[in-house]
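Step one of this worksheet: look at the structure below.
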Amino acid sequence: ANELALAPGHFNIPFGAYEDPPPEAPAGMVQRRVGALPWTLVEDFRTVPLWLVSTGEPYTLRQDATVDDANVSYPGWGPLPTWLTLVEPPRPIEDAEGDA
């Protein structure tokens with residue numbers, strides 16, 4: 001923030017900035033603020049591997065996916081959608097045998 005030349009001690013707050021700091025976020029959570037609402041803590045899955053429930057394919061954040069004939073995507077924070085899972089699907093037997 002820049003101090004106002006004609007009003008020393010007062011500052012110009014940039015658009016989209018907030019004067020109040022976000023709360024501390026414990027592991028697995030991230031701070032989020034929407035508009036004039038206060039800060040909240042939401043689940044953070046941005047560093048966790050995710051898979052599509054319907055196909056078992058790995059999911060990349062913000063990637064478009066088709067679920068029930070609708071295109072959807074997930075940014076990695078907030079409640080985990082039902083079309084994604086944290087549980088890695090089992091690999092086919094042929095793939096597992098190749099690791100031996």
Side-chain angles (χ1 to χ4, degrees):
N2 298 316
E3 187 170 19
L4 299 174
L6 300 177
H10 292 88
F11 294 85
N12 180 15
I13 306 298
F15 179 77
Y18 300 102
E19 293 185 60
D20 60 324
E24 289 292 321
M29 302 293 279
V30 66
Q31 306 96 331
R32 183 164 187 247
R33 186 165 185 170
V34 178
L37 298 174
W39 289 102
T40 61
L41 295 175
V42 296
E43 296 168 300
D44 185 6
F45 296 103
R46 293 175 295 176
T47 60
V48 178
L50 300 171
W51 288 269
L52 292 168
V53 170
S54 60
T55 64
E57 294 292 318
Y59 179 74
T60 302
L61 295 179
R62 300 190 188 277
Q63 164 190 334
D64 285 337
T66 302
V67 177
D68 296 329
D69 296 325
N71 284 333
V72 293
S73 68
Y74 178 63
W77 41 261
L80 190 65
T82 58
W83 51 271
L84 288 175
T85 182
L86 296 167
V87 180
E88 183 176 4
R91 295 187 313 175
I93 294 174
E94 307 84 53
D95 291 348
E97 289 175 352
D99 290 342

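Each residue takes its place number in the sequence, starting with 1.
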(request) Mind checking the CZ-CG spacing from R46 to L61? Nearest 0.5 Å is all I need. (result)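 So the gap between those two atoms works out to 9.0 Å.
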(request) Apply ring pair (Phe, Tyr, Trp, His ring centres under 6.0 Å) to Y74 and list each qualifying residue two or more places apart in sequence or on a separate chain. (result)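 Partners of Y74 by the ring pair (Phe, Tyr, Trp, His ring centres under 6.0 Å) criterion come out as none, since no residue qualifies.
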(request) Using the test ring pair (Phe, Tyr, Trp, His ring centres under 6.0 Å), find all partners of F11 that sit at least two apart in sequence or belong to another chain. (result)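 If we apply the ring pair (Phe, Tyr, Trp, His ring centres under 6.0 Å) test to F11, skipping adjacent residues, there are no hits.
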(request) Report yes if some heavy atom in the side chain of D64 is under 4.5 Å from a heavy atom in the side chain of V72; otherwise report no. (result)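 Contact flag for D64/V72 side chains = no.
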(message) Under the rule for side-chain hydrogen bond (donor to acceptor under 3.5 Å, both in side chains), what residues qualify as partners of N71, not counting sequence neighbours?
(response)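 N71 satisfies side-chain hydrogen bond (donor to acceptor under 3.5 Å, both in side chains) with T66 only.
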Tell me whether [Y] is reachable from [X] by hopping between hydrophobic residues (I, L, V, M, F, W, Y) whose side-chain heavy atoms are closer than 4.5 Å.
X   : Y   : answer
L4  : I13 : no
V48 : L80 : yes
W83 : L50 : yes

(message) Give me each pair satisfying salt bridge (charged side-chain N to carboxylate O under 4.0 Å, His left out) with a member in residues 68-90, each pair once, sequence neighbours excluded.
(response)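 Applying salt bridge (charged side-chain N to carboxylate O under 4.0 Å, His left out) to every pair that reaches into residues 68-90, excluding sequence neighbours, yields nothing.
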Donor-acceptor list for residues 51-58 side chains, cut-off 3.5 Å, not counting sequence neighbours:
residue : atom : partner : partner atom : Å
T55     : OG1  : E57     : N            : 3.2

(request) Quick one: closest heavy-atom pair of T85 and V87, and the distance? (result)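 That would be OG1-N, 3.1 Å.
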(message) Tell me the closest heavy-atom pair linking G78 and F45, and the distance in Å.
(response)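 Closest heavy-atom pair between G78 and F45: O-CE1, 3.6 Å.
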Considering only distance and modelled atom types, tabulate donor-acceptor pairs under 3.5 Å from the side chains of residues 17-33, sequence neighbours left out.
residue : atom : partner : partner atom : Å
Y18     : OH   : G35     : O            : 3.2
D20     : OD1  : R33     : NH1          : 2.5
D20     : OD2  : R33     : NH1          : 3.1
Q31     : NE2  : P23     : O            : 2.9
R33     : NE   : L37     : O            : 2.9

